[in-house]
K.L.:
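The structure that follows is given in the form of structure tokens.
Keep in mind that the numbers below use all heavy atoms, side chains included, and drop hydrogens, waters and symmetry copies. Below, read A as the first sequence line, B as the second, and so on, with proteins coming before strands; counting in each chain starts at 1. Quick caveat: nothing in here was measured; it's all calculated off a predicted structure.
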2 protein chains.
Amino acid sequence: MTDRHRPTLATVAARAAVAPSTASLAFSGSSRVAPATRERVLAAAAELGYAGPDPVARSLRSRRSGVVGAMIGERLAYAFTDPVAVQLLDGVTEVLSPLGVGLLLLPGDADRRGPTVGQLAHVPLDAAVYATCGLEDDPALAHLQRRGVPVVAVDGPRVDDVVFVGIPDRRGTADLARHLAGLGHRRVAVVAMPLRLDGTRGPVTADRRARAHYRDVRERLLGVEEVLGPVPAVEGASNSVEEGERAGRALLDVPAPDRPTAVVAQSDLMAAGVLRAAEGLGLRVPEDVSVAGFDGVELPWLAPVRLTTVVQPTTEKGRVVGRAVAELVEGRRPDDVVLDVHLSVGTTTGPAPG
Amino acid sequence: MTDRHRPTLATVAARAAVAPSTASLAFSGSSRVAPATRERVLAAAAELGYAGPDPVARSLRSRRSGVVGAMIGERLAYAFTDPVAVQLLDGVTEVLSPLGVGLLLLPGDADRRGPTVGQLAHVPLDAAVYATCGLEDDPALAHLQRRGVPVVAVDGPRVDDVVFVGIPDRRGTADLARHLAGLGHRRVAVVAMPLRLDGTRGPVTADRRARAHYRDVRERLLGVEEVLGPVPAVEGASNSVEEGERAGRALLDVPAPDRPTAVVAQSDLMAAGVLRAAEGLGLRVPEDVSVAGFDGVELPWLAPVRLTTVVQPTTEKGRVVGRAVAELVEGRRPDDVVLDVHLSVGTTTGPAPG
DNA sequence: CCACTCTATCGAATCGATTCGACACCGCGT
DNA sequence: ACGCGGTGTCGAATCGATTCGATAGAGTGG
């Protein structure tokens with residue numbers, strides 16, 4: 001690799017017998033440069049194998065790096081088993097890619113909640129998206145704000161100077177709870193996504209709830225209770241089928257009189273786990289127990305079962321985030337956005353037994 | 001957002017009554033600066049809310065941006081339904097994150113094979129990884145090489161000045177074919193991953209095969225034929241359960257005498273689809289038809305079925321890529337790496353019927 | 001007491017491009 | 001023939017840090 005003599009704009013300019021400033025104009029496509037001159041510059045560049053202005057140098061002047069950070073709360077392998085996370089980022093890149101802006105993955109590892117300040121400090125960022133990552137008490141957030149990097153938080157808490165994009169989580173599960181109440185369900189339980197990423201699983205205590213990192217998890221729980229009053233909730237250690245199954249078994253593997261007649265899982269992934277738990281315990285859905293989820297993701301392998309769930313427009317949410325980022329990069333301050341959700345009744349909920 | 005007066009290193013230096021160069025030394029933790037001075041500089045920085053040296057300016061001097069591009073051949077939502085892609089990137093970030101290097105997602109869209117030169121041109125890159133993206137005839141590759149950005153290709157073709165990390169694809173499927181031959185199978189068919197990303201599906205012609213973009217797809221096919229001679233192959237439009245099912249149905253929905261007794265899918269995802277196809281056609285596995293895959297990914301929803309497959313160390317492959325990238329960034333030229341694979345016999349292959 | 005050696009700090013050049021104001025030149029109108 | 005608007009090109013400052021060679025000053029040994 002010939003690190004030796006990589007040409008710069010100055011080299012190209014010299015070869016085309018123009019000033020560097022003119023060469024720059026030629027590349028940026030300014031109309032202030034004569035077509036013939038532009039040709040000459042481009043030809044010189046081609047001869048020298050010049051690939052265009054150095055992005056780093058350009059970034060320094062223009063105060064734009066073309067890089068947006070995606071803060072991920074776990075390692076990729078775990079975060080991306082969640083179709084919601086993937087769809088979200090897909091929407092973001094759909095908007096940002098055509099603008100020549102890339103999404104930089106900043107995952108945490110098994111222990112941490114997210115990337116550390118040390119990792120962030122060396123990386124050029126035009127903006128950051130808290131994608132699957134709580135941000136309360138996050139030193140990384142403070143660091144970004146000091147740097148003046150604008151932040152968008154998806155489903156995150158509302159924080160000053162952070163753009164919020166989310167959904168009415170509470171109304172979503174409240175609608176779901178009303179649906180269940182209308183079917184006669186009185187003993188309803190919740191399978192919750194992690195309230196914090198510390199590997200905890202099991203019944204959710206009041207204390208635990210107070211120390212939750214994730215706004216959406218809290219809200220989805222409150223939505224159910226708004227309609228049905230306090231309900232037992234079991235937390236999974238991660239948002240996954242396995243943890244959903246585990247929590248589901250904990251709730252359902254009890255004598256029939258104590259058993260919930262309906263289980264509301266906070267994600268479709270966990271709902272799929274609850275379905276497996278029910279199957280494993282020989283319970284029919286929805287005759288013995290109703291199961292509902294949240295998100296509205298495609299889980300083709302469940303077919304022909306159709307999960308009752310609260311559908312959120314995940315990809316569109318990603319696009320909205322992408323547009324918000326684009327505006328922030330332009331220097332504007334976009335409004336917070338709350339997208340809509342709707343209940344989709346499938347085959348997994350029915351009248352309460354008995 | 002106070003864009004107005006963000007402090008720079010010079011501001012901090014002035015406040016600490018030292019030269020900018022000394023302040024720089026203080027931040028880079030050089031031992032050539034007196035502890036007391038360092039304290040003073042750090043204190044001044046804290047008072048001013050200075051978040052540390054600007055990464056872009058630093059990059060300009062040090063010729064390092066801390067950003068590595070991941071070239072993705074499709075939109076994220078499709079690429080990341082593939083657990084292999086996710087595990088691979090997980091391994092890459094596992095190595096790179098602690099080094100303060102981030103992975104920049106550069107997806108293509110529905111039409112393109114990968115990111116365009118226009119998108120690449122504005123983004124600072126220390127290196128690029130062709131993760132899920134063919135690179136033959138790719139103008140983006142030429143652009144990267146002109147820029148002097150080192151490239152690592154996963155399972156990619158061997159190209160000059162591109163570091164190769166892969167597996168013995170051909171030996172893997174050859175082992176699998178021998179396993180099937182040993183069970184008495186003579187009529188074996190292949191369900192192939194896309195040879196190019198152009199939405200084509202259906203029987204693989206010789207012409208199509210010659211114009212394939214993906215080395216691994218070709219090799220896996222050749223491995224089977226090395227042992228069993230020419231076999232019919234059906235290509236899916238994408239590497240997914242749905243396309244696997246579609247291709248599987250095309251192969252299996254024929255009168256028994258013509259029907260293959262074993263189907264080799266080129267990925268576990270597609271193998272899962274073939275299993276669904278068999279189920280849909282009322283065929284028992286492995287009594288009526290044997291099915292095998294490739295990759296060795298976890299597909300928990302298949303349980304209790306255990307897929308016969310060729311296991312590759314995907315996460316480790318990602319780590320190897322990460323280490324190769326790290327070396328390239330340091331200016332060294334790492335060797336190509338070929339990791340090992342092994343056959344894992346599950347419950348989906350058995351003696352040929354009849 | 002002088003010379004010599006470190007050590008801590010500083011100055012200035014450098015990384016590679018962008019951008020704004022200045023300027024030369026051309027053609028046209030009067 | 002002179003001036004004027006307009007176009008195309010150029011110079012120089014700037015973005016924010018890093019780094020090497022120079023230097024002042026403190027400390028040490030003869």
K.L.:
Consider the side chain of B:Y50, meaning its heavy atoms from C-beta on, and name the nucleotide among D:dA17, C:dA17, C:dC15 that approaches it most closely.
P.N.:
D:dA17
K.L.:
Just how far, in rounded Å, is P of D:dG16 from CZ of B:F27?
P.N.:
15 Å
K.L.:
If I take atom CD in residue B:E39 and atom C1' in nucleotide C:dA8, what distance separates them, rounded to the nearest angstrom?
P.N.:
16 Å
K.L.:
Given atom CG of B:D54 and atom P of D:dT18, what is their separation to the nearest angstrom?
P.N.:
9 Å
K.L.:
Quiz question: by atom type and distance under 3.5 Å, do the side chains of B:T11 and B:T8 form a donor-acceptor pair?
P.N.:
yes
K.L.:
Does a side-chain N or O from A:R64 land closer than 4.0 Å to OP1 or OP2 of D:dC15, or not?
P.N.:
no
K.L.:
Provide a list of protein-nucleic acid N or O atom pairs under 3.5 angstrom, restricted to nucleotides 9-14 of chain C.
P.N.:
{"unit_1": "C:dT9", "atom_1": "OP1", "unit_2": "B:T37", "atom_2": "OG1", "d": "2.1"}
{"unit_1": "C:dT9", "atom_1": "OP2", "unit_2": "B:A34", "atom_2": "N", "d": "2.8"}
{"unit_1": "C:dT9", "atom_1": "OP2", "unit_2": "B:T37", "atom_2": "OG1", "d": "3.3"}
{"unit_1": "C:dC10", "atom_1": "OP2", "unit_2": "B:A19", "atom_2": "N", "d": "2.8"}
{"unit_1": "C:dC10", "atom_1": "OP2", "unit_2": "B:T22", "atom_2": "OG1", "d": "2.7"}
{"unit_1": "C:dG11", "atom_1": "N7", "unit_2": "B:S21", "atom_2": "OG", "d": "3.3"}
{"unit_1": "C:dG11", "atom_1": "O6", "unit_2": "B:S21", "atom_2": "OG", "d": "3.4"}
{"unit_1": "C:dT14", "atom_1": "O2", "unit_2": "B:R61", "atom_2": "NE", "d": "3.4"}
{"unit_1": "C:dT14", "atom_1": "O2", "unit_2": "B:R61", "atom_2": "NH1", "d": "3.4"}

K.L.:
State, with a plain yes or no, whether a side-chain heavy atom of B:D155 is found less than 4.5 Å away from one of B:I167.
P.N.:
yes
K.L.:
Is a salt bridge present between B:R63 and B:D126, judged by a nitrogen-to-oxygen distance below 4.0 Å?
P.N.:
no
K.L.:
Taking atom P of D:dG16 as reference, at what distance in whole Å does atom CZ of A:R58 sit?
P.N.:
17 Å
K.L.:
Considering only NZ, NE, NH1 and NH2 on the basic side and carboxylate oxygens on the acidic side, decide whether B:R332 and B:D335 come within less than 4.0 Å.
P.N.:
no
K.L.:
Please pick, from C:dT18, D:dT18, D:dC15, the nucleotide with the shortest atom-to-atom distance to any side-chain atom of A:S24.
P.N.:
C:dT18
K.L.:
Specify the closest pair of heavy atoms between A:L197 and A:G73, including all atoms of both residues, with the distance to one decimal.
P.N.:
CD1-O, 3.4 Å
K.L.:
Could you check A:E330 against A:R64 for side-chain contact (heavy atoms from CB on, under 4.5 Å), going step by step and ending with a plain yes or no?
P.N.:
CA-CA 9 Å; A:E330 302 282 327; A:R64 300 257 213 103; 3.7 Å; yes
K.L.:
Would you call A:R323 and A:E94 a salt bridge, using N to O less than 4.0 angstrom?
P.N.:
no
K.L.:
Figure out the NE2/C1' separation between A:H122 and D:dA17, and round it to whole Å.
P.N.:
14 Å
K.L.:
Can you tell me the distance, in whole Å, between the CG atom of A:L9 and the P atom of D:dC15?
P.N.:
19 Å
K.L.:
When you measure from the side-chain N and O atoms of B:T8 to the phosphate of D:dA17, is any distance below 4.0 Å, counting only OP1 and OP2?
P.N.:
yes
K.L.:
Taking atom C1' of D:dG16 as reference, at what distance in whole Å does atom CG of A:L60 sit?
P.N.:
6 Å
